[in-house]
Novice: 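Below you'll find the structure I mean.
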Amino acid sequence: MSLQYEEQLSGSYGVVDPFPKDFGYGVEEPDIEESSPSPDSKPRILLMGLRRSGKSSIQKIWDFPGQVDFFDPTFDYEMIFRGTGALIFVIDAQDDYVEALGRLHLTVSRAYRVNPEINFEVFIHKVDGLSDDHKIETQRDIHQRANDDLADASLEKLHLSFYLTSIYDHSIFEAFSKVVQKLIPQLPTLENLLNIFISNSGIEKAFLFDVVSKIYIATDSSPVDMQSYELCCDMIDVVIDVSCIYGLKEDGSGSAYDKESLAIIKLNNTTVLYLKEVTKFLALVCILREESFERKGLIDYNFHCFRKAIQEVFEVGSSIQRTGTLQVSSPSHSLGSLKAAALNGTPRSVV
């Protein structure tokens, strides 16, 4: 790699963060040093952009351990690109983005040649100060220019995904959710499990949330309504805040979120929000009507089957990482016990 290229990129990087083993969402297991996956096997997100583009503000939303000094002259960019699952480039929508587009093209073209499997994501950031029409026009212009540059360089196969983001609403969480979902190999299975669960429980919408980051790693196949997503995020904040006050022991020990965590919030429009713990990092947040919630026993039974199936899904991933072979039964065994509500409210077994 040329010195000139390294100097051009030195101010662009924000952070490299490897996810925990198997995203840390499965059943907690003791670490075995001999069988632990190498760092290169963990998905990693690389946050980049010009100075003052908003990288630091985005970074403060999450706890990023193990930050990397990108100004270190011994830093190996090719090694980082080879181990990256997603590259996020942040562009300040309120600034002249001509230079940012040039840096974007330089970065993604180099990264693509090193690792064509990277997911390239563009956050058009700080859109909170723009009108709706200006947001749409800015996104269209950036999308057109960036793809024209790739076409001129014969890089038509390189795909860029674009998101309008701001730290002053939930759009940044929504965008990161989409980025992270692309890195989860179990995503189709998780979506299928959620579809089966809500269809047999009278639930309108369900999200599988990482409670720490408020990223949803999966949802059912129905469209995501931003207002519903925001309600679920706010519910997680309420649960954690209240648990921190009333859920800990007198000496401050214990956890604000554990296997006993659950919450029910009834809104004034007959909507019910229902949260239950799935694993120590995951929560299922459901949106349903009051009349459906009257069958709470049925919902809880189906949730028990769903929770067991989710744990099996991540156990499969852990087993593959440890042994390279699949040695776990299908999660469909757990879902075979799901019950559905008939029209008269009487539970019936799912065929």
Side-chain angles (χ1 to χ4, degrees), residues 18-32 35-38 41-45 85-86 117 119 176-201 203 205-222 224 229 232 236 257-259 261-262 274-286 299-340 349-351:
F19 284 97
K21 178 180 67 175
D22 199 28
F23 287 83
Y25 295 142
V27 177
E28 187 174 7
E29 298 177 351
D31 291 330
I32 303 176
S35 61
S36 296
S38 65
S41 68
K42 301 177 183 179
R44 180 182 290 129
I45 292 178
E117 301 301 318
N119 297 324
F176 257 102
S177 296
K178 298 295 185 184
V179 171
V180 170
Q181 287 169 23
K182 294 179 184 179
L183 301 177
I184 300 179
Q186 302 96 332
L187 181 63
T189 303
L190 298 178
E191 291 179 346
N192 185 48
L193 294 179
L194 286 164
N195 285 334
I196 295 172
F197 172 70
I198 68 169
S199 65
N200 292 289
S201 305
I203 293 172
K205 187 68 181 173
F207 295 92
L208 194 59
F209 270 96
D210 180 311
V211 295
V212 176
S213 65
K214 290 187 293 186
I215 287 173
Y216 68 93
I217 68 167
T219 186
D220 59 87
S221 58
S222 64
V224 175
Y229 171 64
C232 294
I236 292 175
Y257 182 78
D258 56 31
K259 63 182 180 180
S261 295
L262 69 88
Y274 190 32
L275 179 149
K276 285 182 73 72
E277 185 262 2
V278 177
T279 72
K280 66 177 183 177
F281 294 120
L282 292 180
L284 179 70
V285 183
C286 306
I299 295 172
D300 288 344
Y301 175 82
N302 286 345
F303 171 79
H304 173 75
C305 300
F306 170 81
R307 186 176 188 270
K308 185 177 179 181
I310 289 291
Q311 291 174 349
E312 289 180 10
V313 167
F314 287 108
E315 284 172 5
V316 168
S318 297
S319 175
I320 293 175
Q321 284 189 333
R322 288 194 303 268
T323 66
T325 59
L326 180 61
Q327 299 177 335
V328 182
S329 61
S330 169
S332 61
H333 292 191
S334 299
L335 288 179
S337 301
L338 274 177
K339 295 184 183 295
S349 296
V350 178
V351 178

Novice: Which heavy atom of V278 sits nearest to which heavy atom of L284, and what is that distance?
Specialist: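 Heavy atoms of V278 and L284 come nearest at CG2-N, 3.6 Å.
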Novice: Return yes when atom NZ of K182 has more than 12 non-hydrogen atoms of other residues, nucleotides or ligands closer than 6.0 Å, and no otherwise.
Specialist: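 Yes - once you tally the heavy atoms of other residues, nucleotides and ligands closer than 6.0 Å, there are more than 12.
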Novice: By side-chain hydrogen bond (donor to acceptor under 3.5 Å, both in side chains), which residues pair with N195, not counting sequence neighbours?
Specialist: S221
Novice: Could you tell me whether the side chain of S201 and the main chain of I203 form a donor-acceptor pair under 3.5 Å?
Specialist: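 Here the side-chain-to-backbone pair does not exist.
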Novice: Which of these passes side-chain contact (heavy atoms from CB on, under 4.5 Å) with R307: E312, K276, E277?
Specialist: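 The side-chain contact (heavy atoms from CB on, under 4.5 Å) with R307 is passed solely by E277 among E312, K276, E277.
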Novice: Just verifying a value: how many Å separate K178 NZ and N119 CG, rounded to the nearest 0.5 Å?
Specialist: 14.0 Å
Novice: Looking at SG of C286 and CZ of F197, how far apart are the two atoms once the value is rounded to the nearest 0.5 Å?
Specialist: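 It is 4.5 Å, given to the nearest 0.5 Å.
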Novice: Does a donor on one side chain and an acceptor on the other come within less than 3.5 Å for D300 and Y274?
Specialist: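 A donor-acceptor contact under 3.5 Å links the two side chains.
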Novice: What are the two closest heavy atoms between L187 and A218, and how far apart are they?
Specialist: CD1-CB, 3.9 Å
Novice: Are the side chains of V180 and D210 in touch, meaning some heavy atoms are under 4.5 Å apart?
Specialist: no
Novice: Measuring only between side-chain heavy atoms, which start at C-beta, is Y216 closer than 4.5 Å to V224?
Specialist: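 The answer is yes; the side chains approach within 4.5 Å.
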Novice: Measure the spacing between CZ of F176 and CD of Q181 and express it to the nearest 0.5 Å.
Specialist: 13.0 Å
Novice: Let me confirm one number: the CD1-CD distance from I196 to E191, rounded to the nearest 0.5 Å.
Specialist: 12.0 Å
Novice: Could you walk me through whether K205 and T219 pass side-chain contact (heavy atoms from CB on, under 4.5 Å), step by step?
Specialist: CA-CA 8 Å; K205 187 68 181 173; T219 186; 3.1 Å; yes
Novice: Distance check, rounded to the nearest 0.5 Å: N200 atom CG versus N302 atom CG?
Specialist: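 Answer for the CG-CG pair, N200 versus N302, is 6.0 Å.
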Novice: Can you sort out the partners of F209 under ring-ring contact (aromatic ring centres under 6.0 Å, His included), two or more places apart, ordered by chain and number?
Specialist: F207, Y229
Novice: Dump the intermediate steps for side-chain contact (heavy atoms from CB on, under 4.5 Å) on L262 and F303, then the final yes or no.
Specialist: CA-CA 12 Å; L262 69 88; F303 171 79; over 6 Å; no
Novice: Could you tell me the separation between the CG atom of L208 and the CG atom of L193, rounded to the nearest 0.5 Å?
Specialist: 9.5 Å
Novice: So, for A206 and D220, which heavy atoms are closest and what is the spacing to 0.1 Å?
Specialist: N-OD2, 2.9 Å
